[in-house]
Amino acid sequence: MADAPNSPTNNFIRKIIADDLAANAHGTKVLTRFPPEPNGYLHIGHAKSICVNFGLAEEFGGQCNLRFDDTNPEKEEQEYIDAIKSDVQWLGFQWADEVKFASNYFPQFYAWAIHLIEQGKAYVCDLSAEQASEYRGWATEPGKPSPYRERTVEENVDLLTRMKAGEFDEGSCVLRAKIDMASPNMNLRDPILYRIRKETHHQTGDEWCIYPSYDFAHGQEDAIEGVTHSICTLEFQDHRPLYEWFTENLPVPSTPKQYEFGRLSINYTVTSKRKLKQLVDEGYVNGWDDPRMPTISGMRRRGYSAQALRNFCDGLAVAKTDGTVDIAQLEFEIRNDLNDNAARAMCVLNPLKVVISNFPEGEVKTLTAALHPNKEEMGTRELPFTKELYIDKADYSEDTTLGRKKFKRLVLGDHVRLRGAYVIKADETIKDENGEIIEIRATLVEGTIGANPPPEQKPRGVIHWVSATESVAATVRVYERLFNVENPGKDSESFLHDVNKVSLSVVENCFVEPAAAACAPETRFQFEREGYFVADKIEHTSEKPVFNKTIGLRDSSKK
RNA sequence: UGGGGUGUCGCCAAGCGGUAAGGCACUGGGUUUUGAUCUCAGCAUGCGUAGGUUCGAAUCCUGCCACCCCAGCCA
C-alpha cells in the first residue's frame, strides 16, 4: 500500500517485518490479526489498529485475520460481533477467509491445559480471589506459593476435569500456571489459565463452564492461525514474557512474536469501550452510532468517509510514545477528503424571505450549477430560481455603515451575488409588529448570470440561497463537541461531568435545494458556505430530508 | 515503591555520530461567483535535565527528573 501523502516515513514494526522477510524468519508470508473482544462497538482507536494490522499485511503481500477474542461470555454479545464486522468492511478491509473466534479453539486450549498439568506446570488453586491477591504479594515483596501449588498431576487432572464438568461453583477454584511467585513481573506470579463462568456463551452456548484467560488464549490463538506478527498496544508489554512462556512450553504449531505500539488518544473525546458504553447506557447519546460518538459507526453516521478515516490513521505514527492527537488533525482529514469528493449544494438553515421585484410571479427559471467548482467531471445539477427566495438571516444587515471587507453579504441598498445566479440589490426591509425582519424586497441585475455587473454594482460578496417555492423543507442536526474539555475526567470526578449538555441542536424548517433533497441516505454534500453534511443513514427520505452536519468549513473571517 | 515503557516546535512526528524532515495548528501575502478550495511565505542556534566521551552528540556513556502501564478469577 502506498503511503498516504502525510504519513510518517517509517515505523519500527515495518522495519521488523521487512527484516524478518529478508531473513526468512517466518517463511515468505506475513499474517497479522485484528483481535477485538465483542464487548462494545469499535472506535477511532480501533480504526488505527485496523489500519496498522490490515495495512501492514497488505503492504507486504500478506493477509490479516479478523478474530474475536471471545473468552469472557459475561460481557460479550452477538450484536457487537455483527457491528464490528460491518465496521471493518465499511473501512474497506477484507479479512483472510472466514472470521475466526477464540472460542473455535476451546477444545485445543483445554488439551493444552492438561498438557501443562502433566508437565507439572499448572495446578488447580482453591484460593479465593481475595486470598490469591494477598498471596500474590506486592511490587517490593515477592508473593508466597499457594498452598495448592504442589498438588499431584493426578489430582490436578481430576480437579480440572471436574471443573469442566461443572462440579464447582464460580470462584471456587481456578487453574494456574506454575511459573514464579517472586517474579518482579506480576504477570508471571502464577497467572490464571482458566476460571469458572456458568454463563451462556454467544458462540458455544452452554458447552463450557470454564473459560480461558486472555493470557492463556491469545498467543495460542496466534500460533494456531500462523500469525507471524502479533501487534498490540503498549499495556500488553508486561504480558509478552507470558505470551512467550506459553509458546515455549506448549506444542504450538508456530511461534508468533508480539510487538506493541502506542494506542491512539484524541483530545475532546474518550476512547474507551467502557466509557462509551456508559454514555450509551446512561442516555448521554442516542446509541453507539450517535454522530457525536467517536465510534466507527458514529463517525460514519456523522458523515465521515472511510477514506478520510484511513488517511487520518495512515498519518499517525506507529511508535511507542503515548501521545494525544489533536482533534484538528482528524478534522483536517475529513475536510480534505470531503472537499474533493462531496458534491456542492445549497441549504438555508435560518430562512429569511427575499422577494425579487423584477422577476415574474410564478415563473421557474432553471439554472445549471456545477456540482464541484474545481472538478468539472463531477457534472452539474439543476437549480430553480423563482421570485421568492430564502437566504440565511445571518447574511443580511440593515447597517449600511458596515465595511465591504468586514461584511461580505447583503446590506440594505447594496449588491450581493446569489451563488450560481444573479447579483441582486436589497431595496427595502419588511418588518413585523415586533420589529423583526420578515422579508426583503430586492431587484436583480439583468445579465449577471455567469457575468459580472459594471463596477458600480460590484457585489459585496457571494451568499447562498434557495427557491422558496421549489426547495424542500428539511431537518438539519448540528453537532458540537461531546465534551467541553480536552481531557474528559482529568480534572473532574468523572468524565461524565465534562459532557457538553448542548452538543446536539435539531434545526427544523431548513430549506434545501431539490436536487440535494432527492439524494439517497448517506450521500455527502458540501452545503456551500455552511459546511459538510450527510443525508442521515436511517431517517432521511426525499420527502422529509434529514441531514447531519459533519463539520463546518474552515472560517478565516476575523470576528 | 519492584518491574515494564516513554521523553525532539502548541499537537503528532522523522532522525540512529556529521551539524534539526514533514503534517496539523497558528501568522501574513496572492487567486477566487463558497469569508471554502488553491497558492506563496513565516514558524526549534534547539532535541526532559546535568555532566562525560568525541574534531563533531538529538544521536554514545553516566546520574537525575517527569509522565504512562502492571499489582482483575477484564482484555
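Keep in mind that the numbers below use all heavy atoms, side chains included, and drop hydrogens, waters and symmetry copies. Small disclaimer: the values here were computed from a predicted structure and weren't measured. Protein chains get the first letters and strands the later ones, always in sequence-line order, with residue 1 at the start of each.
Taking the P atom of each, B:C16 and B:A58 are spaced 13 Å apart, rounded to whole Å. For the C1' atom pair drawn from B:G30 and B:G46, the interatomic distance equals 33 Å after rounding to whole Å. For the P atom pair drawn from B:A21 and B:A14, the interatomic distance equals 15 Å after rounding to whole Å. Only the C1' atoms considered, B:U19 is 15 Å distant from B:A44, to the nearest whole Å. Separating the P atom of B:C47 from that of B:G10 is a span of 13 Å, rounded to the nearest Å. The separation of B:A57 from B:G35, taken at their C1' atoms, amounts to 49 Å, rounded to a whole angstrom. Rounded to whole Å, the separation between the C1' atoms of B:G28 and B:U33 comes to 25 Å. B:A36 and B:U31 have their C1' atoms separated by 13 Å, with the value rounded to a whole Å.
Classification of the A:His218-A:Tyr243 ring pair by plane angle, with boundaries at 30° and 60°, yields tilted. Ring planes of A:Phe106 and A:Phe109: tilted class, angle from 30 to 60°.
Partners of A:Glu74 by salt bridge (Lys or Arg N to Asp or Glu O under 4.0 Å), not counting sequence neighbours, listed by chain and number: A:Arg197.
OP1 or OP2 of B:G5 has not a single side-chain nitrogen or oxygen of A:Thr321 nearer than 4.0 Å.
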(message) Base contacts versus sugar-phosphate-only contacts with protein, heavy atoms under 4.0 Å: please encode nucleotides 68-75 of chain B as B, S and - from 5' to 3'.
(response) SBSBSBSB
(message) Generate the contact string for nucleotides 32-41 of chain B. Rules: B means base contact, S means sugar-phosphate contact only, - means no protein heavy atom under 4.0 Å.
(response) -BBBSB----
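Remark: P of B:G5 and NZ of A:Lys320 are 8 Å apart, rounded to the nearest angstrom. Atom pair A:Leu264:CG and B:A13:P shows a separation of 10 Å (rounding to whole Å applied). Computed from coordinates, the A:Asn267 CG to B:G10 P distance equals 16 Å when rounded to whole Å. In this structure, A:Arg14 atom CZ and B:G15 atom P are separated by 11 Å, rounded to whole Å. Atom P of nucleotide B:G23 and atom CG of A:Leu330 are separated by 19 Å, given to the nearest angstrom. As a whole-Å value, the separation of A:Glu486 CD from B:A25 C1' is 12 Å. Summarising the geometry, the separation between CD1 on A:Ile266 and P on B:C24 is reported as 16 Å, rounded to the nearest angstrom.
Judged by the 6.0 Å and 45° rule, A:Lys320 forms no cation-pi pair with A:Phe261.
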(request) Go through A:Phe359 and A:Phe385 one step at a time and tell me if the ring-ring contact (aromatic ring centres under 6.0 Å, His included) criterion holds. (result) CA-CA 10 Å; A:Phe359 192 85; A:Phe385 185 89; 5.1 Å; yes
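Checked for salt-bridge contact, A:Arg149 and A:Asp190 meet the test: a charged N lies under 4.0 Å from a carboxylate O.
A distance of 7.0 Å separates CD of A:Glu199 from CD of A:Glu170, quoted to the nearest 0.5 Å.
Pairing of B:A21, defined by two Watson-Crick or G-U wobble distances under 3.5 Å, is not identified with any nucleotide. Base pairing of B:G2: its partner is B:C70, meeting the Watson-Crick or G-U wobble criterion (both donor-acceptor distances under 3.5 Å). Pairing of B:U45, defined by two Watson-Crick or G-U wobble distances under 3.5 Å, is not identified with any nucleotide. The nucleotide B:G7 finds its pairing partner in B:C65, both defining distances of the Watson-Crick or G-U wobble pair being shorter than 3.5 Å.
In terms of polar N and O atoms assigned as donor or acceptor, the side chain of A:Gln329 comes within less than 3.5 Å of the base of B:G23 in a complementary pairing.
Between the side chains of A:Glu130 and A:Ser133, no donor-acceptor pair is found at a separation under 3.5 Å.
The ring of A:Phe216 has its center closer than 6.0 angstrom to the ring center of A:Phe246.
Each of A:Arg404, A:Gln457, A:Lys425 was checked for a side-chain hydrogen bond (donor to acceptor under 3.5 Å, both in side chains) with A:Asp414, and the lone residue meeting it is A:Arg404.
For the pair A:Pro36/A:Phe34, a side-chain contact is recorded, criterion being any heavy-atom separation below 4.5 Å from C-beta on.
B:G56 adopts an anti glycosidic conformation, its chi angle falling more than 90° from 0.
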